[in-house]
Q: 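Have a look at this one.
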Amino acid sequence: MRIKSKRLSGLILCAIAMSLPGCEPSGTDGEAKTVKGEDLVKKVSETPTELVFYVCVNGWTEEQFMSTYGNQIKKKFPNYTLKFIPQKDAQTLPSVITSGQTIDILITSIGLTSNFLLAYEMQDDISGLIKKYNYDLSRLEPSTVDIQRQLAGGGIYGLPVSTTSAALFYNKALFDKFGVPYPRDGMTWDEIYALAKTMTRTDNGQQIKGMTMSVQHLMQLNQLSAPHIDSKTSKAAFTVDSFRQAFGNLTRFYSIPGNGLLNNQYNLVSQQEPFYKDQNVAMFAALSTTARVFKDALDWDIVQLPVYKEKPNIGPQSYPTYFYLSKGSKNKDAAFQVMSYVTSDEFQDFIVRDGYSSILKNQASIMNHFASNDPVLAHKHVKSLLPEKFADPTEKTKYQAIADKEMLAALVDIASGKDENTALREAEERANKAIEATKK
């Protein structure tokens, strides 16, 4: 009976510490590892510790941090004191670093990782901690790990907490008004392009746009897996065929008469707000999490992002948010326990109910609870927020921010009348100069 009790205790601890490999209940070695892991986790978890968090999204409040992450973490680790530093005014990341304030965990999407974690050299390889606590990476959706392996050159800087992808939102009222059938799952980009042309029109003096989009995000998650930067040469890859195809697929929508950029300028606000505030845009393609912004502002729904006809089963890439361990942390073991916990079944079930997509490899049952706490999302076609199969992830190097800036500048140039080949070549040249300057 004593042996069975010890095994049961070990199994329970494994679920808490995410130490599944090495927690085998059978055999003397497995039992020894379990006891050792139990002692390690207990010692770390019961030691009073302050952990400092920084979320790399402007406008996040402490209340938002606590409701999304902090309250659950505090419940799990009552001996930890959580300190949240908002990104605003004088508390930008550079100013926080300059002040001498230590950050333990940096929370950011893969798209902003280069802007924050890498730009300020805060990254720290957690491979040693993964081994120390026998953390099982195979529980995670594989691309979330592959992205980190690419980023860290075989190592790993952070663990994912949630993911998103890209989807197509549409204004049902506009389609109903003009008697046009709604978009459907599985439509190709060519079909959506034709639909955007149909929906772009003038109605009682008001310009109705067929489709706007978050170009930066759609290119980062492009289904052709075309990278912005060649990781081997650290040079922009804008003139590579796959990138040109992915980019041209999006820019053609802005050539539809009446659907162009406002004043030949591009920013996400001008693409997003007309959809749910002015309600004069029929379709909006963006990150799946954008659904949380719309709520019940208009009569809307979701379908999968359109596909390339030559790749009918490939959706956009995964776009995870990670908990990164900061290089300057003085409480790395405690921070790692938190990072492990947010990938647990328990926490994933909690965050899924609030409308965030799970990062677990086996998520069929847990996603049945998706958005159950959100009365608006719960009645939408939420299964379309993620593709059935993610495209292979493209490497996001520390020069991603430079590439994004020049790519969007090329979009504006094209909208202003410059031919696409010239715009991409010139953007590539500017990006390479900026990258070389950064290296120096």
Side-chain angles (χ1 to χ4, degrees), residues 109-111 141 143-144 160 162-175 181-193 195-196 199 209-225 246 249-250 253 268 271-276 279 281-309 311-321 351-352 354-359 363 367-368 370-372 374 376-394:
S109 66
I110 185 58
E141 194 281 313
S143 72
T144 64
S162 62
T163 193
T164 184
S165 191
L168 183 66
F169 304 93
Y170 64 96
N171 184 327
K172 296 172 70 175
L174 283 180
F175 280 89
Y182 300 150
R184 310 177 309 277
D185 284 342
M187 293 182 75
T188 66
W189 279 104
D190 288 344
E191 289 173 325
I192 291 296
Y193 177 72
L195 188 56
M199 290 300 294
K209 290 189 174 183
M211 182 164 161
T212 59
M213 64 187 80
S214 173
V215 175
Q216 181 176 342
H217 289 126
L218 295 187
M219 281 302 297
Q220 286 184 1
L221 306 182
N222 74 83
Q223 293 134 303
L224 300 181
S225 300
N249 177 56
L250 302 184
F253 284 84
L268 183 55
Q271 297 292 295
Q272 178 172 298
E273 288 196 351
F275 176 75
Y276 76 99
Q279 300 183 26
V281 173
M283 296 179 288
F284 177 58
L287 288 180
S288 304
T289 44
T290 310
R292 299 173 62 83
V293 175
F294 303 149
K295 296 296 184 180
D296 57 355
L298 75 162
D299 186 11
W300 62 278
D301 215 329
I302 323 149
V303 293
Q304 293 173 340
L305 196 72
V307 296
Y308 287 92
K309 59 183 177 183
K311 292 191 172 187
N313 300 316
I314 303 298
Q317 300 169 44
S318 179
Y319 191 83
T321 290
I351 205 167
V352 159
D354 268 357
Y356 292 90
S357 297
S358 173
I359 44 74
Q363 57 175 253
M367 286 299 284
N368 287 333
F370 183 81
S372 59
D374 191 320
V376 175
L377 283 181
H379 294 92
K380 300 298 183 183
H381 191 49
V382 293
K383 73 173 187 178
S384 296
L385 290 172
L386 293 183
E388 293 182 8
K389 183 178 181 180
F390 289 119
D392 291 336
T394 52

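On a predicted model such as this, the values are computed, not experimentally measured, just so you know. All values below were derived from every heavy atom in this structure, side-chain atoms included, with hydrogens, water molecules and symmetry-related copies excluded.
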Q: Is the shortest heavy-atom distance from the side chain of Arg292 to the side chain of Tyr356 under 4.5 Å?
A: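 In contact.
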Q: Can you tell if the side chain of Gln216 reaches within under 4.5 Å of the side chain of Leu268, non-hydrogen atoms only?
A: no
Q: Should we say atom CD of Glu388 is surrounded by more than 12 heavy atoms from elsewhere, each under 6.0 Å from it?
A: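 No, because the 6.0 Å sphere around CD of Glu388 holds 12 heavy atoms or fewer from other groups.
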Q: side-chain contact (heavy atoms from CB on, under 4.5 Å) between Leu168 and Met187: does it pass, once the steps are laid out?
A: CA-CA 11 Å; Leu168 183 66; Met187 293 182 75; over 6 Å; no
Q: Could you pull out the closest heavy-atom pair between Thr144 and Ser318, with the gap in Å?
A: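 Distance-wise, the nearest heavy atoms are CG2-OG, 4.4 Å.
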Q: Can you name the nearest heavy-atom pair linking Leu250 to Leu218, along with the distance?
A: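 Where Leu250 meets Leu218 most closely, the heavy atoms are CD1-CB, 3.8 Å.
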Q: Between Gln271 (side chain only) and Phe284 (backbone N and O only), is there a donor and an acceptor less than 3.5 Å apart?
A: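 No, the answer is negative, given that no donor and acceptor are paired below the 3.5 Å cut-off.
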Q: So which heavy atom on Gln304 is nearest to which on Ser384, and how close?
A: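 Nearest pair, atom of Gln304 first, then Ser384: N-CB, 3.5 Å.
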Q: Can you name the residues that form a side-chain hydrogen bond (donor to acceptor under 3.5 Å, both in side chains) with Thr290, not counting sequence neighbours?
A: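 None.
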Q: So with a 6.0 Å cut-off around NE2 of His379, is the heavy-atom count from everything else above 12?
A: no
Q: Using the ring of each side chain (for Trp, its six-membered ring), is Tyr182 parallel, tilted or perpendicular to Phe175, with breaks at 30° and 60°?
A: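 Ring orientation, 0 to 90° scale: perpendicular.
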Q: Looking at CD of Gln223 and NZ of Lys311, how far apart are the two atoms once the value is rounded to the nearest 0.5 Å?
A: 9.0 Å
Q: As a quick check of understanding, evaluate side-chain contact (heavy atoms from CB on, under 4.5 Å) for Lys380 and Trp300, giving each step before the final call.
A: CA-CA 8 Å; Lys380 300 298 183 183; Trp300 62 278; 3.6 Å; yes
Q: Rounded to the nearest 0.5 Å, what separation is found between the CG atom of Asn249 and the CD1 atom of Ile192?
A: 11.0 Å
Q: Are the side chains of Thr188 and Pro306 in touch, meaning some heavy atoms are under 4.5 Å apart?
A: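 Counting from C-beta outward, Thr188 and Pro306 never come under 4.5 Å.
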Q: Quick one: NE2 on His217 to OG1 on Thr164, what's the gap to the nearest 0.5 Å?
A: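 Reported to 0.5 Å precision, the distance equals 9.0 Å.
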Q: Side-chain contact test, heavy atoms from C-beta onward, threshold under 4.5 Å: evaluate it for Pro387 versus Leu305 and give yes or no.
A: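 Pro387 vs Leu305: side chains apart.
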Q: Going through the checks in order, is the side-chain contact (heavy atoms from CB on, under 4.5 Å) test met by Lys209 and Met211?
A: CA-CA 6 Å; Lys209 290 189 174 183; Met211 182 164 161; over 6 Å; no
Q: Quick check: closest heavy atoms across Val307 and Ile314, and the distance to 0.1 Å?
A: CG1-O, 3.8 Å
Q: Taking the inter-plane angle between the rings of Trp189 and Tyr308 on a 0 to 90° scale, is it parallel (under 30°), tilted (30 to 60°) or perpendicular (over 60°)?
A: tilted
Q: Taking C-beta and beyond as the side chain, do Leu287 and Leu221 meet within less than 4.5 Å on heavy atoms?
A: yes
Q: Evaluate the side-chain proximity of Ser225 to Thr394: yes if any heavy-atom separation is below 4.5 Å, no if none is.
A: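 Result yes, sub-4.5 Å side-chain heavy-atom pair found.
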Q: Between Thr212 and Pro274, is there a side-chain heavy-atom distance shorter than 4.5 Å?
A: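 They are not in contact (no side-chain heavy atoms under 4.5 Å apart), so the answer is no.
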Q: Test side-chain contact (heavy atoms from CB on, under 4.5 Å) on Lys389 and Asn313 and set out the steps.
A: CA-CA 7 Å; Lys389 183 178 181 180; Asn313 300 316; 5.7 Å; no
Q: Write down the atom of Thr163, the atom of Ser358, and the distance for their closest heavy-atom approach.
A: CG2-O, 3.8 Å
Q: Any chance the side chains of Ser143 and Gln317 put a donor and an acceptor closer than 3.5 Å?
A: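 Checked: Ser143/Gln317 side chains show no N/O donor-acceptor pair below 3.5 Å.
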Q: Take the angle between the ring planes of Phe294 and Phe169 and call it parallel below 30°, perpendicular above 60°, tilted in between.
A: perpendicular
Q: If you measure from NE2 on His381 to NZ on Lys383, what distance do you get to the nearest 0.5 Å?
A: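 Reported value, rounded in 0.5 Å steps: 5.0 Å.
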Q: If I compare all heavy atoms of Leu385 with all of Ser165, which pair ends up nearest, and what's the gap?
A: O-CB, 4.1 Å
Q: Could you check whether any side-chain heavy atom of Phe390 comes within less than 4.5 Å of a side-chain heavy atom of Tyr319, counting everything from C-beta outward?
A: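 Sidechains of Tyr319 and Phe390: no contact.
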